[in-house]
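Taking it in order: structure first as structure tokens, then the write-up.
Convention: sequence-line order gives letters A, B, ...; per-chain numbering from 1.
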Protein chains: 2
Amino acid sequence: MRLTTKGRYAVTAMLDLALHASDGPISLADISERQGISLSYLEQLFAKLRRNDLVRSVRGPGGGYQLNREQHAIDVAEVIDAVNESVDATGCGHSGGGHTGGCQGGNTCLTHHLWCDLSSQIHEFLSQISLADLMARQDVQAVAKRQDREQQTLIDTSLIEAKVSA
Amino acid sequence: MRLTTKGRYAVTAMLDLALHASDGPISLADISERQGISLSYLEQLFAKLRRNDLVRSVRGPGGGYQLNREQHAIDVAEVIDAVNESVDATGCGHSGGGHTGGCQGGNTCLTHHLWCDLSSQIHEFLSQISLADLMARQDVQAVAKRQDREQQTLIDTSLIEAKVSA
DNA sequence: TAAAAACCGAGTGAATTACTTGGTTATATA
DNA sequence: TATATAACCAAGTAATTCACTCGGTTTTTA
């Protein structure tokens, strides 16, 4: 279980999808705008999310991505695991444990089991939080509301600019 | 609380110090041999550990490093924090939380509080584990015993080689 | 037919990791 | 007092990852 900004981006994007689920398919351009993540990076992340059956895509105009399961049936841990899929399995790290490398020559290192414990601890924590849980949080609601307002402002502004240039 | 191999190396090295505390100061060369970590890298890590008062050094022949506190008074979290000391404090991440960056323009991102929760969860877990706790673990005892045997074999071998070349 | 969107691959600058090289200083011991 | 040991220090470096850019193609709707 690697914990990097990559996984955070993925969870943020998935949560954005969940929050706007009622609007039909959501384009990555929308998510990019709202969450401040580059479009191409989102494309890479969603390719992995799609491969892991966490989202489904609709192509063409009006298309975008949708959650492939109910919001309470997707947990944070699997979102992070999906984008971190990197099959190395080198060293002593029996895949899944998260502790790959660090043990020399097939021998477990001193702290091997500690990291395994920690890894499962983190996994346990994150697998008990679903997208539905996140959506119910007050802080998430507040941020989401602000982001929608900001995006609307952007749209209005560009409409005005379009009229001015016409 | 960043979790990388860097922190793991540091904890492994500190645990090695704790396990051989009765032998007086331990040289980094010994730790390097036993734990398979490069000497210079250890030097860098121990410079930070020393700066954080986790170890003290003895220079000259027979010198090395010793724990600067009792084994039960040093926990895993502070060892990791010591080697990860990188004062950025950019973005929304109020230092200590661990979630730096990811929030655009001073605004907290959707999952800001989630990562703060997780970070404190991990910190909580690791701060409750002392070097003494680690030493008491059976798996650690077993690995330590094997490592000492291996090192002794190396010493014996080089002694024989020295005699042969003489 | 044009535009919107997913899909795809290659490349890139910045940061980090783990390490190497090549020193200097301090100190115990022969 | 000479020598070896070991901490201490600074610079550089290959490999990896991250987050992103660029330049496409394919599918689908209007």
TODO: Using the six-membered ring wherever Trp is involved, compare the ring planes of B:Tyr9 and B:Tyr41 and label them parallel, tilted or perpendicular (cut-offs 30° and 60°).
DONE: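 Rings of B:Tyr9 and B:Tyr41: perpendicular, as their planes differ by over 60°.
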Nearest-angstrom distance from the residue atom [atom1] of [X] to [atom2] of [N]:
X	N	atom1	atom2	result
A:Leu42	D:dC22	CG	P	16 Å
B:Leu45	D:dC8	CG	C1'	14 Å
A:Lys6	D:dT16	NZ	P	15 Å
B:Lys48	D:dC9	NZ	C1'	14 Å
B:Phe46	D:dC9	CZ	C1'	17 Å
B:Ile26	D:dT5	CD1	C1'	15 Å
A:Asn68	C:dA6	CG	P	16 Å
A:Gln66	C:dA5	CD	P	14 Å

Under 4.0 angstrom, heavy atoms only, what part of the nucleic acid is [X] near: base, sugar-phosphate, or nothing?
X	result
B:Ser40	base
B:Tyr65	sugar-phosphate
B:Arg51	nothing
B:Leu39	nothing

Open item on the list: So, does B:Ser57 get its side chain near the phosphate of D:dC8, meaning an N or O under 4.0 Å from OP1 or OP2?
Closed with: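 Answer yes for this pair, as a side-chain N or O of B:Ser57 is under 4.0 Å from OP1 or OP2.
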TODO: Ignoring backbone atoms, establish whether A:Arg56 has a side-chain N or O less than 4.0 Å from OP1 or OP2 of C:dA6.
DONE: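 False: A:Arg56 side-chain N/O out of range (4.0 Å or more) of C:dA6 OP1/OP2.
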Work out which heavy atom in [X] is nearest to a heavy atom in [Y]; give both atom names and the distance.
X	Y	value
A:His20	A:Ile26	O-CD1, 3.3 Å
B:Ala10	B:Leu45	N-CD1, 4.2 Å
B:Pro25	B:Val58	CG-CG2, 4.0 Å

Open item on the list: If you assign B:Glu43 and A:Tyr41 each to the DNA chain D nucleotide with the nearest heavy atom, which residue ends up on the more 5' nucleotide?
Closed with: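 Residue closer to the 5' terminus by nearest nucleotide: B:Glu43.
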Open item on the list: Taking atom types as they are modelled, would you say the side chain of B:Arg59 forms a donor-acceptor pair with the base of C:dA26 within the 3.5 Å cutoff?
Closed with: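 Check fails, no donor-acceptor contact within cut-off.
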- [ ] Have a look at A:Leu110 and tell me which of B:Met135, B:Gln35, B:Arg137 forms a side chain to side chain contact (heavy atoms under 4.5 Å, CB included) with it.
- [x]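 Going through B:Met135, B:Gln35, B:Arg137 one by one, the side chain to side chain contact (heavy atoms under 4.5 Å, CB included) with A:Leu110 is satisfied by B:Gln35 alone.
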What's the closest nucleotide to the [X] side chain, out of [options]?
X	options	answer
B:Gln44	C:dC8, C:dC19, D:dA6	C:dC19
B:Ser27	D:dA6, C:dA6, C:dC19	D:dA6
B:Pro61	D:dC8, C:dC8, C:dT27	C:dT27

